[in-house]
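Here the structure comes first, spelled out in structure tokens, and everything after it is commentary.
In this text, all values refer to a predicted model and were calculated from it rather than measured experimentally.
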Amino acid sequence: QVQLVESGGGLVQAGGSLRLSCAASGRTVSNYAMGWFRQAPGKEREVVSGINWSGTSTYYADSVKGRFTISRDNVANTVYLQMNSLKLEDTAVYYCAATLRPSFRATSYSMDYWGKGTLVTVSS
């Protein structure tokens with residue numbers, strides 16, 4: 001089993017930055033792809049970004065390309081999401097997820113483990 005705990009969410013003004021962290025425990029995730037998803041009020045969960053096991057391949061949704069950066073520290077068993085130039089539409093609960101596969105697939109159903117989420121609120 002893998003437990004994922006997100007942190008770093010909060011309230012930020014539009015144009016600001018936040019860095020989310022996802023700490024894994026239970027077993028190492030160094031061989032697994034990881035990802036970030038988000039769910040805004042009244043909307044379905046959507047993929048934000050993903051990273052393969054080694055960090056050499058990343059995926060970004062079009063809506064966050066150029067603004068968000070995903071990275072991982074396999075020694076620390078942690079994945080990060082640096083979010084810059086935040087927009088009002090980035091407001092959502094952000095979830096960290098892990099898959100037992102080494103490569104990331106940009107679908108919710110491909111993920112095997114989920115965190116409980118951290119709320120990001122972007123204000124005007």
Side-chain angles (χ1 to χ4, degrees):
Q1 287 291 331
V2 175
Q3 292 80 42
L4 303 172
V5 178
E6 304 95 337
S7 62
L11 176 65
V12 63
Q13 285 192 325
S17 299
L18 281 176
R19 189 193 196 203
L20 304 184
S21 299
C22 172
S25 62
R27 64 188 297 179
T28 180
V29 294
S30 60
N31 294 326
Y32 305 151
M34 305 282 291
W36 288 94
F37 295 74
R38 67 187 182 187
Q39 186 166 18
K43 295 187 176 181
E44 293 187 353
R45 187 175 298 185
E46 63 177 3
V47 62
V48 175
S49 181
I51 189 167
N52 72 335
W53 70 277
S54 62
T56 56
S57 177
T58 57
Y59 168 89
Y60 296 97
D62 288 343
S63 58
V64 306
K65 277 182 183 176
R67 301 188 297 121
F68 290 11
T69 303
I70 190 171
S71 61
R72 66 188 300 160
D73 182 341
N74 284 343
V75 174
N77 233 21
T78 302
V79 175
Y80 305 96
L81 186 68
Q82 177 67 42
M83 305 187 296
N84 298 329
S85 302
L86 283 161
K87 303 177 180 180
L88 296 179
E89 52 264 40
D90 294 320
T91 295
V93 176
Y94 283 71
Y95 297 91
C96 175
T99 173
L100 296 175
R101 301 179 180 88
S103 300
F104 179 75
R105 299 181 185 180
T107 57
S108 296
Y109 59 79
S110 67
M111 310 309 286
D112 299 293
Y113 301 101
W114 291 87
K116 294 184 177 181
T118 185
L119 177 63
V120 172
T121 304
V122 184
S123 65
S124 58

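Atom CD of E89 has more than 12 heavy atoms from other residues, nucleotides or ligands within 6.0 Å. Under a cut-off of 6.0 angstrom, the local environment of CZ in R45 is crowded, with over 12 non-hydrogen atoms contributed by other residues, nucleotides or ligands.
Smallest separation of non-hydrogen atoms from T78 and S21: CG2-CB, 4.4 Å. Taking all atoms of both residues into account, the shortest heavy-atom contact from V29 to R72 is O-NH2, 2.7 Å. When all heavy atoms of R101 and S110 are compared, the pair lying nearest together is NH1-O, 3.1 Å. Of all heavy-atom pairs spanning R27 and V2, the tightest one is CG-CG2, 3.2 Å. Taking both residues in full, the closest heavy atoms of Q3 and Q1 are given as NE2-CB, 3.6 Å, listed atom of the first, atom of the second, then distance. Across R67 and D90, no two heavy atoms sit closer than the pair NH1-OD2, 2.7 Å.
Under the 3.5 Å distance criterion, the side-chain polar atoms of T91 are matched with a main-chain donor or acceptor of V122.
F104 contributes atom CZ, which lies 10.5 Å from atom CG of N52 (distance to the nearest 0.5 angstrom). Rounded to the nearest 0.5 Å, atoms OH (Y32) and OG (S103) are 14.0 Å apart. The distance from atom CG of N31 to atom CG of L100, rounded to the nearest 0.5 Å, is 10.5 Å. Rounding to the nearest 0.5 Å places CD1 of I51 at 8.5 Å from OG of S57. A distance of 15.5 Å separates NZ in K87 from OG in S124, rounded to the nearest 0.5 Å. Note that CG of L81 is 10.5 Å distant from SG of C22, once rounded to the nearest 0.5 Å.
Hydrophobic cluster membership differs between Y94 and Y59, with clusters built from Ile, Leu, Val, Met, Phe, Trp and Tyr side chains linked at under 4.5 angstrom. Two different hydrophobic clusters hold L20 and V93 under the rule that ILVMFWY side chains link at heavy-atom gaps under 4.5 Å. Under the 4.5 Å side-chain heavy-atom criterion for grouping Ile, Leu, Val, Met, Phe, Trp and Tyr, L88 is not connected to L119 through any hydrophobic cluster.
Checking each of I70, T99, L4 against M34 for a side-chain contact (heavy atoms from CB on, under 4.5 Å) leaves exactly one that passes, namely L4. For the pairing with W36, the side-chain contact (heavy atoms from CB on, under 4.5 Å) check across V64, V47, V48 returns one residue only, V48.
Aromatic ring pairs are classed by plane angle as parallel below 30°, tilted from 30° to 60° and perpendicular above 60°; the pair Y95 and W114 is perpendicular.
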Next on the checklist: Show, in sequence, the C-alpha distance, side-chain angles and deciding distance for L11 and S123, and conclude whether the side-chain contact (heavy atoms from CB on, under 4.5 Å) test is met.
Outcome noted: CA-CA 7 Å; L11 176 65; S123 65; 4.1 Å; yes
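The side-chain tip of R19 points at the ring of Y80 from less than 6.0 angstrom away and within 45° of straight on.
The residues D62 and K65 are annotated as salt-bridged, a charged nitrogen and a carboxylate oxygen being separated by less than 4.0 angstrom. Using a 4.0 Å cut-off between charged nitrogen and carboxylate oxygen, E6 and K116 do not count as a salt-bridge pair.
A donor atom on one side chain and an acceptor atom on the other are found under 3.5 Å apart for N84 and S17.
In this structure the side chain of S63 reaches within 4.5 angstrom of the side chain of R38, judged on heavy atoms.
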